[in-house]
2 protein chains.
Amino acid sequence: MEKIPSEIMAQVAGYFQVLSEPTRLHILNLLQEGERSVGEIAQRCGYTAANISRHLSLMTKHGLLERRRQGTTVYYRIADPSVYALCELVCGNLARRLLQAAQVPQAWRQDAPSMEHPGEP
Amino acid sequence: MEKIPSEIMAQVAGYFQVLSEPTRLHILNLLQEGERSVGEIAQRCGYTAANISRHLSLMTKHGLLERRRQGTTVYYRIADPSVYALCELVCGNLARRLLQAAQVPQAWRQDAPSMEHPGEP
DNA sequence: ACACTAGTTGACTATTTAGTCAAACGATTA
DNA sequence: TAATCGTTTGACTAAATAGTCAACTAGTGT
């Protein structure tokens, strides 16, 4: 198997980390509607503009968003639509997992009292 | 556009967070070879077994890995191969981004002669 | 110049988390 | 039973980070 340099590993981890924050996912979700201003995003997310501005700037730095200034207002938009493919993959995984957890015997469940797999070879 | 409940948002963010750590990506990468014991993973990652055990247990809790005990040894394996699809999507994004930004620094180009990793111990 | 509006950034706090060592645990073997 | 090996977990430290407020920057209009 190929050895992956740790610098690359860190880059990939960094990209995932951008997506590992509910507020940022919320922003991405409402930017699906199209370009939006910092103020509107802040208002709809229920956080200060300062906070949202940091999130937007982080995502822009990582290439997920693009920035456009018009007068005193700054608009952000999706630069990398493939993010949504990532999100859908994850949602698929979670959905499968939830369905599976709903059907599996309780003793196998993660949060059940500790017990080794009973029928394992 | 549809409003996504914040609980779901947190779940998705949590899944991405599992993948946002270089050590965990390293583990996933070497588990592509197949099932491995905690001790071997720890040795090859260069961390203590305690540390690796925490990472493994986190990934198992999130459904990425599965655990099997044989005697005193515990083996972990990939439970959700679709993780690799996620990683490849991200790698694709990064590659595109690097090429695009690489008008200037020729040393970063993929076809350029190999470059030292300055931050490596 | 001045005031007004929208966004960004410095400084700080509270929370989370990767990593370590040491102790506990669980399975095997003497 | 005791000894031992591999793994897990409790307690702790150091570093990262989401969020806030306040100060600052940058356009627009009077």
Side-chain angles (χ1 to χ4, degrees), chain A residues 6 9-28 31 35-62 65-77 110-118 120-121, chain B residues 6 9-28 31 35-62 64-77 119 121:
Chain A
S6 65
M9 213 66 103
Q11 291 254 8
V12 177
Y15 196 98
F16 279 125
Q17 189 169 15
V18 174
L19 299 171
S20 73
E21 235 287 319
T23 305
R24 286 194 285 269
L25 293 181
H26 192 177
I27 293 173
L28 285 174
L31 282 183
E35 205 179 49
R36 289 294 181 271
S37 74
V38 177
E40 178 176 351
I41 300 172
Q43 183 182 350
R44 289 176 59 185
C45 285
Y47 288 111
T48 61
N51 181 20
I52 294 304
S53 176
R54 287 188 203 281
H55 284 304
L56 292 170
S57 133
L58 179 73
M59 289 194 278
T60 304
K61 199 180 76 181
H62 279 81
L65 302 184
E66 277 170 355
R67 205 183 100 115
R68 180 178 69 92
R69 165 158 236 152
Q70 180 179 312
T72 67
T73 305
V74 174
Y75 295 94
Y76 283 90
R77 63 182 177 282
Q110 259 315 315
D111 50 347
S114 70
M115 185 175 184
E116 297 303 327
H117 295 184
E120 203 92 35
Chain B
S6 66
M9 213 66 104
Q11 291 255 7
V12 177
Y15 196 98
F16 279 125
Q17 189 166 17
V18 174
L19 298 170
S20 73
E21 235 287 319
T23 305
R24 287 194 283 269
L25 293 181
H26 192 177
I27 293 172
L28 285 174
L31 282 182
E35 204 178 51
R36 289 293 181 273
S37 75
V38 177
E40 178 177 350
I41 300 172
Q43 183 183 349
R44 290 176 57 186
C45 285
Y47 288 110
T48 60
N51 181 20
I52 294 303
S53 174
R54 288 187 203 280
H55 284 303
L56 293 169
S57 139
L58 180 73
M59 289 193 279
T60 305
K61 198 179 76 181
H62 280 81
L64 282 75
L65 302 183
E66 278 170 353
R67 203 183 98 115
R68 179 178 69 92
R69 167 159 235 152
Q70 179 179 314
T72 67
T73 304
V74 174
Y75 295 93
Y76 283 89
R77 63 182 177 282

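In what follows, every chain begins at residue 1, and chains take the letters A, B, ... in the order their sequences are listed. In this text the structure is predicted, and so the values were computed from the model without any measurement.
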Choose from D:dC21, D:dG19, C:dT20 the nucleotide whose nearest atom is closest to any side-chain atom of A:Tyr47.
D:dG19
Among the candidates C:dG7, D:dA18, C:dA18, find the nucleotide nearest to the side-chain atoms of B:Arg24.
C:dA18
Which atom pair, heavy atoms only, marks the closest approach of [X] to [Y]?
{"X": "A:Pro22", "Y": "A:Ser20", "answer": "CD-O, 4.1 Å"}
{"X": "B:Leu31", "Y": "B:Leu65", "answer": "CD1-CD2, 3.7 Å"}
{"X": "A:His55", "Y": "A:Glu21", "answer": "CE1-OE1, 3.9 Å"}

If only side-chain N and O atoms of [X] are considered, is one of them under 4.0 Å from the OP1 or OP2 phosphate oxygen of [N]?
{"X": "B:Tyr76", "N": "D:dT8", "result": "yes"}
{"X": "B:His55", "N": "C:dT17", "result": "no"}
{"X": "A:Thr48", "N": "D:dG19", "result": "no"}
{"X": "B:Thr23", "N": "C:dG19", "result": "yes"}
{"X": "A:Asn51", "N": "D:dT20", "result": "yes"}
{"X": "B:Arg67", "N": "D:dT7", "result": "no"}
{"X": "A:Thr73", "N": "C:dA6", "result": "no"}

From [atom1] of [X] over to [atom2] of [N], roughly how many Å is that when rounded to an integer?
{"X": "B:Ile52", "N": "D:dT7", "atom1": "CD1", "atom2": "P", "answer": "12 Å"}
{"X": "A:Leu58", "N": "C:dT8", "atom1": "CG", "atom2": "P", "answer": "13 Å"}
{"X": "B:Ile27", "N": "C:dG19", "atom1": "CD1", "atom2": "C1'", "answer": "13 Å"}
{"X": "B:Leu56", "N": "D:dT9", "atom1": "CG", "atom2": "P", "answer": "12 Å"}
{"X": "A:Gln43", "N": "C:dA6", "atom1": "CD", "atom2": "P", "answer": "11 Å"}
{"X": "B:Leu25", "N": "C:dA18", "atom1": "CG", "atom2": "P", "answer": "12 Å"}
{"X": "A:Arg36", "N": "C:dG7", "atom1": "CZ", "atom2": "P", "answer": "13 Å"}
{"X": "B:Tyr75", "N": "D:dT7", "atom1": "OH", "atom2": "C1'", "answer": "13 Å"}

Look only at the side chain of B:Arg36 and the backbone of B:Val38, and say whether a donor-acceptor pair between them is shorter than 3.5 Å.
no
Under the 3.5 angstrom rule, does the side chain of A:Arg24 hit a backbone N or O of A:Val18 as a donor-acceptor pair?
yes
Could you check whether A:Ser57 gets within reach of a base, just the sugar-phosphate, or nothing at all, counting any heavy atom under 4.0 Å?
nothing
When all nucleic acid strands are considered with a 4.0 Å heavy-atom cut-off, which category describes A:Glu40: base, sugar-phosphate, or nothing?
nothing
Taking C-beta and beyond as the side chain, do A:Leu19 and B:Leu19 meet within less than 4.5 Å on heavy atoms?
no
Does any non-hydrogen side-chain atom of B:Leu58 lie less than 4.5 Å from one of B:Leu64?
no
If you restrict it to nitrogen or oxygen atoms, what contacts under 3.5 Å exist between nucleotides 10-12 of chain D and the protein, and what is each distance?
residue	atom	partner	partner atom	Å
D:dG10	N7	B:Arg54	NH2	3.2
D:dG10	O6	B:Arg54	NH2	2.4
D:dA11	N6	B:Arg54	NH2	3.0

Every protein N/O within reach of nucleotides 23-30 of chain D N/O, cut-off under 3.5 Å:
none

More than 12 heavy atoms of other residues, nucleotides or ligands under 6.0 Å from CD of B:Gln43: is that the case?
no
Please lay out, stage by stage, how B:Thr23 and B:Ile52 fare under the test side chain to side chain contact (heavy atoms under 4.5 Å, CB included).
CA-CA 8 Å; B:Thr23 305; B:Ile52 294 303; 4.1 Å; yes
Please report the interatomic distance NE2(B:His62) to OG(B:Ser57), rounded to the nearest 0.5 Å.
10.5 Å
